[in-house]
Protein chains: 2
Amino acid sequence: MPSTSTRRRRRLTPRDSRADVFTAAAELFSARGFDGVGIDDIAHAARLNKAMIYYHFDSKRALYREVVHDMLRAVGTLATEAASRPDPADVQLTAFIAGLIQMADERPWFPPLMLREIAEGAPRLEPDTLALMKTVFTAFGRILAEGQASGLFRPVNTVLAYMSILGPILLNAARERAAARPGRLELPMFAEVPHSELTTHMQQAALRLLSAQESRP
Amino acid sequence: MPSTSTRRRRRLTPRDSRADVFTAAAELFSARGFDGVGIDDIAHAARLNKAMIYYHFDSKRALYREVVHDMLRAVGTLATEAASRPDPADVQLTAFIAGLIQMADERPWFPPLMLREIAEGAPRLEPDTLALMKTVFTAFGRILAEGQASGLFRPVNTVLAYMSILGPILLNAARERAAARPGRLELPMFAEVPHSELTTHMQQAALRLLSAQESRP
DNA sequence: GTCTATAAATAGATAGAC
DNA sequence: GTCTATCTATTTATAGAC
């Protein structure tokens, strides 16, 4: 969420239109991409008009950047905290995975948005955005290195391991959103998967991928 | 590739402008998405002009549909052929994985395009497109079921297994394209990964995920 | 803070010459 | 088959009233 600390506080919940714009923008950018969304669409979804968008944000691109940065900051914090836990690497890793899945639940716009950013090679991303992405990857690398140093994990390419864990989580979350469209649920590939089953599967898959010893049940 | 069989053949390689449009469109849609690409961009990339696009294709959307369908047909064929091999399921599976990686090499526009289609919930996809997607998923399901029936694979949710295999492959291929942008290669997360290492990793990961017995080396 | 109205640029699509 | 010129609609962004 965007920081509200810099703006004046008023009493009696007087509608935070900036937050409404942010949320509407996040949902729409996630669903249709930067170019697929018009300022008018965002304004309508936030039950406001064009002018209010520009009252709160400098430009469409600036608004998009805030949405992406908010998302990356959250993931960066999650990864860094997981890597800093005083636990063995497998616990750190499963915590990271559970956190990612939970985050996709709390910020449903996050998975498609991140998927698209990667798919497009993040052309709209300035240096500070790349720095945020680097934070996540670095923290993940720390977990892996620690697991390998302790003999818990086998040696694997860090980039490929990263893709192997991030990929399915993002893809499945995006799939869930796609399944929500009318007439999709009948198709087997859009079948609903319980949250708990998802988490278990992803954690098992990661440990099976990395485990140095024979596979665990 | 689009079928050229319906059009007249001329001698001396007289430039197939339709194929040029198709390739340019595939590359651009892949890199920037449907809404991120203008007809003019495609025309320029194909060293033609707007009018030629509409001479060959009915509309921007029709052109996009052809690109997506061509891709899905190719993956569908790959998956169906892998599932029809007279081999044990693990061989079928590794063949499917190797084929996917090879396809991403031959049609570099495929991974980002498919990633985006999933991320967006395929809003532009008509019934016949969904049928193509279903073909791929069904063939994958056959491989899994056969592996489980023969005791080679453990029981896993088909959808989650599908995401776990497709996700990393697509994500990594998209990452590779993103890495090609200037100033990216220095970052660790955009480091180059040899083709062979990628294939081995993905096949190992899939087998470790699904294997019924203890992990294989 | 919120709105209407409008400017200025861009994009999908077509007409028609060659 | 290939081109230039153009129509029309949409879209980002701003001006200014309330």
Side-chain angles (χ1 to χ4, degrees), chain A residues 2-29 31-68 120 123-124 126, chain B residues 2-68 123-124 126:
Chain A
S3 158
T4 59
S5 60
T6 55
R7 284 171 304 106
R8 204 138 6 104
R9 195 159 316 232
R10 288 169 301 159
R11 42 189 147 170
L12 264 160
T13 64
R15 176 179 199 199
D16 189 346
S17 69
R18 191 181 201 272
D20 288 346
V21 169
F22 180 91
T23 306
E27 289 285 358
L28 286 170
F29 283 140
R32 309 210 292 259
F34 180 79
D35 296 298
V37 177
I39 292 288
D40 249 343
D41 301 330
I42 299 172
H44 184 258
R47 287 168 309 165
L48 291 166
N49 51 62
K50 282 186 208 297
M52 278 306 289
I53 311 283
Y54 290 102
Y55 174 75
H56 285 301
F57 299 91
D58 285 345
S59 65
K60 183 185 175 183
R61 177 149 303 182
L63 172 54
Y64 182 81
R65 184 170 42 231
E66 277 224 17
V67 171
V68 172
E120 300 186 0
R124 274 176 289 276
E126 289 87 80
Chain B
S3 159
T4 59
S5 60
T6 54
R7 284 171 304 108
R8 205 140 4 105
R9 197 157 317 231
R10 289 169 301 159
R11 41 189 148 171
L12 263 159
T13 63
R15 177 182 197 194
D16 188 345
S17 68
R18 191 182 200 273
D20 289 346
V21 169
F22 180 92
T23 306
E27 289 284 358
L28 285 170
F29 283 141
S30 168
R32 308 210 292 258
F34 180 79
D35 296 299
V37 177
I39 293 288
D40 251 342
D41 300 331
I42 299 172
H44 184 257
R47 287 168 309 165
L48 291 167
N49 49 63
K50 278 188 210 300
M52 278 306 289
I53 311 282
Y54 290 100
Y55 174 76
H56 285 301
F57 299 91
D58 285 343
S59 64
K60 183 185 175 184
R61 178 149 302 183
L63 172 54
Y64 182 82
R65 184 170 42 232
E66 278 224 16
V67 171
V68 172
R124 275 175 289 276
E126 287 89 79

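In the text below, chain A, chain B and the rest are named by the order of the sequence lines, each starting its count at 1.
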Closest nucleotide among [options] to the [X] side chain:
{"X": "A:Lys60", "options": "D:dA13, C:dG12, D:dC3", "result": "D:dA13"}
{"X": "B:Ser59", "options": "C:dA13, D:dT2, D:dT12", "result": "C:dA13"}
{"X": "A:Ala51", "options": "C:dT4, C:dA13, D:dA13", "result": "C:dT4"}
{"X": "A:Ser17", "options": "D:dA15, C:dT2, D:dT2", "result": "C:dT2"}

When the distance from [atom1] of [X] to [atom2] of [N] is rounded to whole Å, what number comes out?
{"X": "A:Met52", "N": "C:dG1", "atom1": "CE", "atom2": "P", "value": "7 Å"}
{"X": "A:His44", "N": "D:dT12", "atom1": "NE2", "atom2": "P", "value": "16 Å"}
{"X": "A:Phe57", "N": "D:dA13", "atom1": "CZ", "atom2": "P", "value": "14 Å"}
{"X": "A:Tyr55", "N": "D:dA17", "atom1": "OH", "atom2": "P", "value": "18 Å"}
{"X": "A:Ile39", "N": "C:dA8", "atom1": "CD1", "atom2": "P", "value": "19 Å"}
{"X": "A:Lys50", "N": "C:dC3", "atom1": "NZ", "atom2": "P", "value": "14 Å"}
{"X": "A:Asp35", "N": "D:dT12", "atom1": "CG", "atom2": "P", "value": "9 Å"}
{"X": "B:Asp40", "N": "C:dG12", "atom1": "CG", "atom2": "C1'", "value": "10 Å"}

Check every strand shown and say whether A:Leu48 touches a base, only sugar-phosphate, or nothing at a heavy-atom separation below 4.0 Å. sugar-phosphate
Any side-chain heavy atom of [X] sitting closer than 4.5 Å to one from [Y]?
{"X": "A:Phe34", "Y": "A:Arg61", "result": "yes"}
{"X": "B:Ile42", "Y": "B:Phe29", "result": "yes"}
{"X": "B:Arg15", "Y": "B:Leu48", "result": "yes"}

Within 6.0 Å of CG in B:Asp40, more than 12 heavy atoms from elsewhere: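 Count over threshold, so yes.
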B:Arg47 vs A:Val37, nearer the 5' end of DNA chain D by closest nucleotide: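 Its nearest nucleotide lies further toward 5', so the answer is B:Arg47.
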Given D:dT2, is OP1 or OP2 found less than 4.0 Å from the side-chain N or O atoms of B:Asn49?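 Checking D:dT2 against B:Asn49, no side-chain N or O comes under 4.0 Å of OP1 or OP2.
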Taking only side-chain N and O atoms of B:Tyr54, does any of them lie within less than 4.0 angstrom of OP1 or OP2 on C:dA13? yes
Point-to-point distance, once rounded to the nearest 0.5 Å, from CG of B:Asn49 to OH of B:Tyr55: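 Here the rounded value is 13.0 Å.
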